[in-house]
There are 2 protein chains.
Amino acid sequence: MAKRKRVLKWQRDPEGMRLRILEAAKQEFAAHGIGGARVDRIAQKAGANKRMLYYHVGNKEDLYLAVLEGAYEKIRAEERELDLEHLDPPQAIERLIDFTWNYFIRNPEFLALLNTENLAQAKHLKRSTRVKLMHSPFVEMIRDVVQRGVKSGDFRVAVDPVQLYISIAALGFFYLSNSATLSVIFGRDLLGKEAKDERLQHMVGLVLAALTGEAMPSFERGREFPEKVQPPERRTA
Amino acid sequence: MAKRKRVLKWQRDPEGMRLRILEAAKQEFAAHGIGGARVDRIAQKAGANKRMLYYHVGNKEDLYLAVLEGAYEKIRAEERELDLEHLDPPQAIERLIDFTWNYFIRNPEFLALLNTENLAQAKHLKRSTRVKLMHSPFVEMIRDVVQRGVKSGDFRVAVDPVQLYISIAALGFFYLSNSATLSVIFGRDLLGKEAKDERLQHMVGLVLAALTGEAMPSFERGREFPEKVQPPERRTA
DNA sequence: CGACAAATTAACCCGATGGATAAATACTGT
DNA sequence: ACAGTATTTATCCATCGGGTTAATTTGTCG
């Protein structure tokens with residue numbers, strides 16, 4: 001458990017070593033993709049010898065798969081904590097959006113890994129039995145929330161939970177994952193605290209507005225909350 | 001101009017060669033990322049000698065940048081064709097969503113390239129003067145559409161056009177770009193014609209519902225259009 | 001036709017990289 | 001304390017891969 005006191009040439013710490021290796025590999029794969037990742041760099045970052053990678057995990061591909069599986073396990077674990085059953089439907093959706101968004105912010109490597117895996121057409125994921133067993137608990141949760149929402153009158157529509165889940169993930173994922181190019185193109189920092197808060201608000205507003213029919217908060221950057229847009233008479237359809 | 005008749009060992013065709021090289025490079029970079037791309041493979045796909053890449057374009061990085069710039073030019077050009085000024089606001093938004101979605105479907109390499117560039121933190125894009133000049137014409141277009149929509153009463157809210165643009169791109173981009181992993185996780189083919197139609201419908205419904213307040217089409221996969229969900233009395237907030 | 005430049009090919013260089021092996025060192029149980 | 005195993009270090013090697021050099025062919029213009 002705790003580190004031994006006597007520091008000689010090196011100490012034994014297989015579990016710790018394995019963790020450091022996986023962490024370093026995660027960074028490396030996230031930063032450079034599969035092809036760009038360098039095994040030597042991983043060893044170096046892990047404070048280990050290259051031989052250790054093979055000893056504790058395996059070759060480059062094994063390493064990548066282990067990282068990927070770990071990443072999925074982690075998010076699925078956190079997702080499970082968050083049970084939305086007890087919230088009323090709009091709050092549940094808001095919480096789901098909030099969680100997803102913040103998870104992505106807290107785990108940027110996860111985004112990069114997903115992109116990398118998709119570039120590889122999910123060929124590793126397809127092989128991984130472990131990941132295939134971990135389906136997101138959200139789909140059933142969302143189905144339930146939507147049904148409850150429709151029944152209670154909070155929601156106007158019974159959307160497909162898979163579509164909704166993908167949309168919620170999409171709104172945050174794309175923004176964060178593509179923030180580098182988007183920032184260049186729009187000439188606007190998208191990762192400042194203010195910008196991120198704005199984005200979260202926009203996403204929640206968009207989704208809830210579509211589901212409930214309540215109007216989303218309306219403002220444009222720069223001109224803070226223009227005096228409440230008064231509802232113009234509805235146009236006869 | 002036209003191909004010469006006499007076929008000896010090879011014909012001269014600098015412009016054609018350059019195009020073939022760029023096309024091959026696009027495929028390769030899109031399929032394998034920067035680090036995974038192989039210069040020899042590009043040459044082979046282009047039906048050229050490796051030396052040709054350096055002769056006509058430059059080294060690997062130059063090649064990548066040329067591809068990236070070309071990709072941006074292409075989408076910006078198509079965007080410009082599509083002027084939304086003359087449509088009424090809801091139609092304009094629908095058309096924008098439809099165009100973006102179908103552009104992504106028609107140009108899967110574009111998605112991959114964007115992901116690749118974001119993995120590299122847009123470092124090439126930042127350097128490229130060419131791309132920085134090509135800001136998307138959509139932002140101003142959208143601002144205009146939104147304003148018109150608010151004025152006409154079609155829209156309830158004046159959303160930030162940048163947020164809206166990002167959201168529209170996000171809904172389609174994420175779905176397509178991550179379809180490989182999502183398909184595995186949901187155990188459901190997301191790329192069939194039917195699934196794609198459904199997705200488009202969902203996206204349009206979601207965005208327009210949020211903007212206009214009209215209810216989005218409601219159905220869940222499998223159970224086609226359940227008899228119209230009758231609006232239950234609104235819950236007192 | 002004949003030379004001169006442009007376009008293309010063929011061959012090679014060399015450092016980087018993934019992967020593997022053998023030797024050294026620390027820990028564990030007895 | 002000692003044997004035996006788990007863990008780590010130090011090298012090694014074949015291959016790959018980006019990039020370059022030099023020779024070869026083709027078109028063109030006088």
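Below, chains carry the letters A, B, ... as their sequence lines are ordered, and counting in each starts from 1.
Rounded to an integer number of Å, the gap from A:Y55 OH to C:dA24 P is 18 Å. Rounded to a whole Å, the CD1 atom of A:I21 is 10 Å from the P atom of D:dT9. Counting to the nearest Å, the P atom of D:dC16 and the CD atom of B:Q44 are 14 Å from each other. At whole-Å resolution of the value, CZ in A:R51 and P in C:dT21 are 9 Å apart. Across the protein-nucleic acid pair, B:N49 atom CG and D:dG18 atom P stand 14 Å apart, rounded to whole Å. Nucleotide D:dG18 holds its C1' atom 11 Å from the CZ atom of B:F29, rounded to whole Å. For B:D40 and C:dT9, the CG to C1' distance is 15 Å, given to the nearest whole Å. If you take NZ of B:K60 and P of D:dC16, they are 15 Å apart, rounded to a whole angstrom.
Between A:H56 and D:dA6 there is no side-chain N or O to OP1 or OP2 distance below 4.0 Å.
Closest contact between the side chain of B:M52 and the listed nucleotides C:dT8, C:dG19, D:dG17 involves C:dT8.
A ring-centre distance under 6.0 Å is found for A:Y64 and A:F29.
Comparing B:G47 and A:R38 by the nucleotide of DNA chain C that holds the closest heavy atom to each, the one mapping nearer the 5' end is B:G47. Residues B:G35 and A:R20 each lie close to DNA chain D; by heavy-atom proximity, the contact nearer the 5' end of the strand is made by A:R20.
Within the 4.0 angstrom heavy-atom criterion, only backbone atoms of the sugar-phosphate kind lie near B:A37; the bases stay farther away. A:N59 comes within 4.0 angstrom of the backbone, heavy atoms only, and of no base.
Around atom CD of A:Q121, no more than 12 heavy atoms belonging to other residues, nucleotides or ligands sit under 6.0 Å away.
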Check the pair B:K26, B:E23 against salt bridge (charged side-chain N to carboxylate O under 4.0 Å, His left out), reporting the backbone distance first and the verdict last. CA-CA 5 Å; B:K26 181 163 82 179; B:E23 178 60 28; 3.7 Å; yes
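Of the options B:Y165, B:F174, B:F173, B:Y175, a ring pair (Phe, Tyr, Trp, His ring centres under 6.0 Å) to A:F174 is made by B:F173 and by none of the others.
B:E117 and A:T181 share no side-chain donor-acceptor pair at under 3.5 Å.
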